[in-house]
Engineer: 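One structure follows; several queries about it will come next.
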Amino acid sequence: MKTRDLVHVALFAAIMAALGLMPPLALPFVPVPITAQTLGVMLAGSTLGARKAGLSLLLFHLLVAAGLPLLAGGNGGLAVYVGPTGGFFVGFLPGAFVIGWLTERAWSRLSVPLAFAINVLGGIGVLYAVGIPWLSVAAHLPLAKAALGSLAFVPGDCVKAAVAASVAVTLKRAWPLIQPPRPAGATSAPPSSTPAASPAPSSPRR
Amino acid sequence: MSLGLYLHRDSPLHALPAGAKMLALLAAGTGLLLFRSLPVVSAALVVTLGLYGLARLRPREVAPVLRLSAFVLGPLFLLQAWLSGWELALGTVLRLAVLLLLATLVSLTTRASDMLESLQRAFRPLARFGLSPARLGLLLSLTLRFIPLLATWLREIQEAQRVRGLERNPLAVLVPLLVKTLRTADTLADAIDARCFDPEEPS
């Protein structure tokens, strides 16, 4: 990794923190606040690519676990992870990774609808796949109820995915960072729930 | 570092190494998940409050940190009571409260720098993926330096777009923020390279 890549990793972790400064919305009866921070997850994934986005989110997690109040609403410390919503924060990392991985593969033909689908898969699918079982175990709720409660956030998250998708496509024109995937790329973390639906894109040129 | 939750006191809990406290928290979390009967959880709550006394933290100092947790636990209690009876609800919410209290206690009694150090040690196996301690140190200090700066930029851009009547358009805020960040990243990387920081060198 070059110095430039390291700096990208660090600055996107800082962007995550800056987005956390926007005040969260708390809904009655659902123990998860709505934040702009998942937007940061989507932006990191679709701007940096899998490896750098994953590292960036890992860095962010390190700082939060160390007790810095960087999560939305000035939340931080290890208490975040033992709480009922901890899974959604833990899901940030695989979520960003999956978004980055898919974006790299779709890079040469990235359009807003495609980027939106990618962001929904990674930013909602993966995040919820980690967060809902965690909520169910930690809060001792039946899985179906936990999932039902989380449904309240899907509309907001879809808006965020749409925003992230248009930002990603605009940024691809203004400041492209991702290169089309190398063959046999050694990736850093296993994509926890890689959707089987994505057809292997025949990377035409590299 | 003033950004953390740490409150300095002269107590045995503050003196414990950070890694030990985090492992104890992990053990407590697992234990409470396995034994979740009401008597066990109540005993754990008493012990936890005792630990707060031992750490010489006054309730008034701790209250603001815990307010957000209460925000989550209140609705959860109502939901649980409605779904499966108030007794189970009480047990679940108490267990979460104990865990949140314990985790907050770890954050309150450990300096962020100590915590980062032991977390770095825990993540040492990641060196294989290109995250050597020297790099991790650079990354952490860069991020800490840039959080206040990025927050300022975000506010500036929001203000500028409000003048144009675009403050409701997230694209008009995020794209400039990202381009500005990425442009800064390039100059910053050049500056670091000019000072001969070698990211490949294990040190």
Side-chain angles (χ1 to χ4, degrees), chain A residues 1-4 6-15 17-19 21 26 28-33 43 47 55 58-60 62-63 65-70 73-85 137-142 145 149 163 166-167 170-171 174-175 177 188-189, chain B residues 3-6 22 25 29 33 36 68-69 71-73 75-76 78-80 83 88 92 96 99-100 102-104 106-107 110 112 115-116 119 123 129-131 135 138-140 142-144 146-147 149-151 154 170-171 174-175 177-179 181-182 184-186 188-189 192-193 197 199:
Chain A
M1 236 201 279
K2 286 191 301 236
T3 312
R4 191 160 161 265
L6 287 177
V7 174
H8 284 153
V9 167
L11 291 193
F12 264 81
I15 284 187
L19 287 177
L21 293 176
F29 289 102
V30 187
V32 190
L43 288 176
T47 318
L55 283 178
L58 179 70
L59 187 63
F60 180 70
L62 275 181
L63 289 170
L68 302 183
L70 302 181
N75 225 349
L78 293 170
V80 165
Y81 296 98
V82 299
T85 59
V137 171
H140 206 227
L141 284 170
K145 291 279 194 286
V163 169
S166 29
V167 170
T170 314
L171 212 60
W175 204 284
L177 279 182
S188 57
Chain B
L3 204 53
L5 300 172
Y6 179 72
M22 279 192 273
L25 178 66
L33 209 56
R36 45 170 85 187
L68 213 89
S69 314
F71 217 48
V72 170
L73 291 182
L76 183 65
L78 293 179
L79 183 68
Q80 277 274 2
L83 279 178
L88 200 67
T92 307
L96 279 174
L99 279 179
L100 287 170
L102 277 177
T104 308
V106 173
S107 300
T110 316
M115 200 94 97
L116 276 179
L119 281 171
F123 279 94
F129 301 123
L131 214 63
R135 287 171 164 196
L138 175 75
L139 287 178
L140 287 172
L142 268 182
T143 308
L144 284 176
F146 270 85
I147 289 168
L149 200 61
L150 275 167
L154 184 61
L171 220 60
L174 289 172
V175 172
L177 180 69
L178 286 174
V179 169
T181 307
L182 293 176
T184 309
D186 279 356
L188 201 59
I192 293 171
D193 281 337
F197 174 82

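All chains are named by letter (A, B, ...) in the order of the sequence lines, taking the proteins before the strands, and each is independently numbered beginning at 1.
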Engineer: So which atom in B/Leu178 and which in A/Leu43 form the shortest heavy-atom distance, rounded to 0.1 Å?
Structural biologist: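 Heavy atoms only, the tightest pair is CD1-CD2, 4.1 Å.
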Engineer: What is the distance from atom OH of A/Tyr81 to atom CG of B/Leu25, rounded to the nearest 0.5 Å?
Structural biologist: 12.5 Å
Engineer: As an exercise: rank B/Leu138, B/Ile192, B/Leu149, B/Leu100 by heavy-atom pairs under 4.5 Å with chain A and give me the winner.
Structural biologist: B/Leu100
Engineer: For the atom pair CD1 (A/Ile15) and CG (B/Leu174), what is the distance rounded to the nearest 0.5 Å?
Structural biologist: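 Spacing of CD1 (A/Ile15) from CG (B/Leu174) equals 8.5 Å.
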Engineer: Find the one option among A/Val167, A/Val9, A/Val80 whose heavy-atom pairs under 4.5 Å with chain B are most numerous.
Structural biologist: A/Val167
Engineer: Heavy-atom pairs under 4.5 Å with chain B: which of A/Ala13, A/Ala138, A/Ala174 has the most?
Structural biologist: A/Ala138
Engineer: What option among A/Ala139, A/Pro142, A/Ser166 has the most heavy-atom pairs under 4.5 Å with chain B?
Structural biologist: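 Among the listed options, the one with the most contacts to chain B is A/Ala139.
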Engineer: Taking it one step at a time, do A/Leu62 and B/Leu139 satisfy side-chain contact (heavy atoms from CB on, under 4.5 Å)?
Structural biologist: CA-CA 11 Å; A/Leu62 275 181; B/Leu139 287 178; over 6 Å; no
Engineer: State which residues pass side chain to side chain donor-acceptor pair (under 3.5 Å) with B/Thr104; sequence neighbours excluded, sorted by chain then number.
Structural biologist: none
Engineer: Determine the minimum heavy-atom distance between A/Leu63 and B/Leu140, stating which atoms define it.
Structural biologist: CD2-CD2, 3.7 Å
Engineer: Could you look at A/Phe12 and say if it's the side chain, the backbone, both or neither that has a heavy atom under 4.5 Å from chain B?
Structural biologist: side chain
Engineer: Look up atom CG in A/Leu171 and atom CG in B/Leu182, then write down how far apart they are to the nearest 0.5 Å.
Structural biologist: 6.0 Å
Engineer: Report yes or no: does B/Thr143 contribute a side-chain atom to a donor-acceptor pair with the main-chain N or O of A/Ala14 at less than 3.5 Å?
Structural biologist: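 Not at all, since once roles are kept as given, no pair shorter than 3.5 Å links the two residues.
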Engineer: Considering residues at least two apart in sequence or located in another chain, which fulfil the side chain to side chain contact (heavy atoms under 4.5 Å, CB included) criterion with B/Ala185?
Structural biologist: A/Val7, A/His8, A/Leu11
Engineer: Nearest heavy-atom pair of B/Ala151 and A/Ala18: which atoms, and what distance?
Structural biologist: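 Heavy-atom minimum between the residues: N-CB, 4.1 Å.
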Engineer: Could you tell me the separation between the CD1 atom of B/Ile147 and the CG atom of A/Leu68, rounded to the nearest 0.5 Å?
Structural biologist: 7.0 Å
